[in-house]
Amino acid sequence: MSQTQTAPDAAQQPALQAGAEVLLRALKEQNVEVIFGYPGGAVLPIYDAIFNQNAIRHVLVRHEQAAVHAAEGYARSTGRVGCVLVTSGPGATNAVTGLVDALMDSIPIVCLTGQVPTHLIGNDAFQEADTTGITRPATKHNYLVKRSEDLARVVHEAFYVARSGRPGPVVIDLPKDILINPAPYTAAATTAHRSYRPQTEPDAGQIAKAVAALKGAKRPMIYTGGGVINAGPAASAALIAFTRKTGFPITNTLMGLGAYPANDPQFLGMLGMHGTYEANLAMHGCDVLLNIGARFDDRVTGRLNAFSPNSRKIHIDIDPSSINKNVPVEIPIVGDAGKAIAALIAAWDAEPGDVNRAALADWWKTIEGWRGIDCLKFHQDMTKGAIIKPQYAVQRLYDLTRESGRETYISTEVGQHQMWAAQYFRFDLPNRWMTSGGLGTMGYGLPAAMGVQVAHPAALCIDIAGEASILMNIQEMSTLAQYRLPVKVFILNNQYMGMVRQWQELLHGSRYSESYTAALPDFVKLADSFHGVGLRATSVDQLDDVIREMIASDRPVIADICVDQKENCFPMIPSGAAHNEMILGAGHESRAPGITDAGMALV
Amino acid sequence: MAIDTTLRTATISVLVENEPGILARVVGLFSGRGYNIDSLTVAPVEDGRNRSRINIVTSGTDMIIEQIKAQLSRLVPVHRVADLSNEGPHIAREMALIKIIGAGEKRVEALRLAEAFRARVVDATTESFIFEMTGNTEKLDAFLELMRPLGLAEVSRTGVAAIARGTRII
Ligand SMILES: Cc1ncc(C[n+]2csc(CCOP(=O)(O)OP(=O)(O)O)c2C)c(N)n1
Ligand SMILES: [Mg+2]
């Protein structure tokens, strides 16, 4: 009776079913197609219910943190809610890093955690943890289901909360007795939530003010973030239309890459700490700044009191608490990025008058001057046997994936390789780039790529990794093997925690305290032992062959790309500095006036 | 735009769904983001809809207080947030139970001042009084200041309950 098969229609369902069955039924109603999880005592009833059905697939990860990152990769590459299932106690605590990661990057996740039976809660029972207490600041919202009659409603509500407004992770803590005891099913509510009803429609008056300010601009700038990605592909399409219509320069945050095509001439590249010279100087020098779905994060603004000092600021955000948090703005607009951009386009067309085209042309001339510095230039020695520059490795990866014509998704770990990936891999579409932006979680990239591959089985899913980060969730190679997920791990192996080494070089007198990893594994053999393919390139002449072989393989691959250990990530705004105090790379020939030697000079 | 750095006190009323953990959410928000709580009261409001009202007295710049309101508003179980001190006139009251231990002249003086402040005697022994006093925070502070040299031994304050004047509701 309780062994419900695929997608039964409501009429055939008994009035009461075991809680675990009700849970799965609610997940099906929420269109969950895959759960990333790991079993344990407290969730065995759910695993039993999963065993008895085929509609929802379960992917068995090797660590609960990876389950959450995989669900993030799934969510970010599809726009759907990612679903996670972990057991009580250590299962839940292992998931916490993933939850905070999803919270910081506004990724919709529903994480089901097992819990000891209700009568044991608070008794320090075996594998008990105060999961709702621990995850309260780690989630957008969380629930502890204490009554069977609340179960179905809470599941539906959790999905609503996870995907609505500014998306985020939601935990549902499920005591074991609730999973076993009979529970009634209720369908998802069709009425509005009693308290959580985020505003998505932008205010027309504010849109009109924004358009007036933009039309009055002489040096406008558009700065967009993850909010545009989260608003769906239509928002990116609208952004392209608006940007082309206005002729304004545009930059994306780390989270926002792909919303605007990177190869478009109006795109100035990423901004922020390792953003381009032209993007940061345009931010500094603009007179009207339009922020869409970005949050004036400290990696983007640099020193706050010197951030874009002479601009009128317009900020579109779905989360009112993001507005006026770090930077006071003149024209706040609360709403969905896609709807707001569509409203901007409509108002732009409806309002008479145009922006001052002559002034805009002058502004572009200034920007082209900055662009001429070619801040991302690097020198790759092409002689046989020469050491590979990490920038070159990413650039070739980009060229050769494009050449392959394959649909490509990139995830990263955290460090220098992440910044080089952001700088040299050029994204033309949204939802193709998964990186841990807000939390900066080493160990994110491999499980995230795994989640992407589950969602897009035929696509090319590559984790651009560092040799230190990859070891933080390397166990997921085993998951890749089990499910035949042909994820590619492209390690920029510099044997250092490069980003740590870079800061030690710049700020701590080159005292490389504990940032060198001795005794790294042999990544080729490691791939082999995980039933994958191991490849290695140690010199520039080997690089293309390795990348081609990696792309062609239908199995999981680790490509160990041994790169120049001393390379640093430039340009760089040192923390606490202003946008116009950027450091360009050492040996950068064409410098702006006023840049002094050693790459340490302020611009 | 220049950032205004003057600090002000704000009395914020929050109408919440009365569910487990809601107070922890609100308090955690304040501690996690480094906002001050000068006083906090919480109790169900009897409108038959399972709601509670939380009154928080806090301080910060205008930008921070706006931020506090926005952060509170985005908590899922929060229905409404109002900054009473900024949205028009309001009434704010607290109650305190104040224990004075002493004898002789000081005891007489304490009683005399209590009368002047309209504090009620709710318990008395030969060496002690307990006064009950209701009023705004400043009035209570002023009275306690006067009681300090007169044998003030213990205070139990409720924190602020507040409501907008006139027909306005949150
Ligand atoms: C879980 C975690 N621990 C520590 C850090 C701090 N951290 C940031 S980058 C980095 C080094 C990363 O080294 P690697 O993966 O080799 O990347 P590289 O910078 O060399 O490209 C460290 C330790 C972090 N971001 N995440
Ligand atoms: Mg490294």
Any chance CG of Asp124(A) has more than 12 other-residue heavy atoms, nucleotides or ligands included, within less than 6.0 Å? no
Among the options Pro20(B), Pro77(B), Gly32(B), Gly28(B), pick out the one with the most heavy-atom pairs lying under 4.5 Å from chain A. Pro77(B)
Enclosure of Arg197(A) CZ (heavy-atom neighbours >12, cutoff 6.0 Å): yes
Minimum heavy-atom distance between Arg136(A) and Ala24(B), given as atom pair plus value: NH1-CB, 3.1 Å
Is it the backbone or the side chain of Val76(B) that comes under 4.5 Å from a heavy atom of chain A, or both, or neither? both
Flag if over 12 foreign heavy atoms under 6.0 Å of NZ, Lys139(B): yes
Check this for me: Leu29(B), atom CG, are more than 12 non-hydrogen atoms of other residues, nucleotides or ligands nearer than 6.0 Å? yes
Sub-4.5 Å side-chain heavy-atom contact between Asn142(A) and Arg25(B): yes
Please check if the number of heavy atoms outside Glu105(B) that lie under 6.0 Å from its CD is greater than 12. no
Would you mind checking which part of Leu144(A) comes under 4.5 Å of any heavy atom in chain B, side chain (CB onward), backbone (N, CA, C, O), both or neither? neither
Does CZ belonging to Arg120(B) count more than 12 external heavy atoms closer than 6.0 Å? no
Go through the structure and list residues passing salt bridge (Lys or Arg N to Asp or Glu O under 4.0 Å) with Arg51(B), not counting sequence neighbours. none
Considering only heavy atoms, give the residues of residues 188-196 of chain A separated from chain B by less than 4.5 Å, sorted numerically, with 'none' for an empty result. His193(A), Arg194(A), Ser195(A), Tyr196(A)
With rounding to the nearest 0.5 Å, note down the distance linking OG in Ser321(A) to CD in Glu66(B). 12.0 Å
Answer yes or no: is there a side-chain heavy-atom contact under 4.5 Å between Arg74(B) and Pro198(A)? no
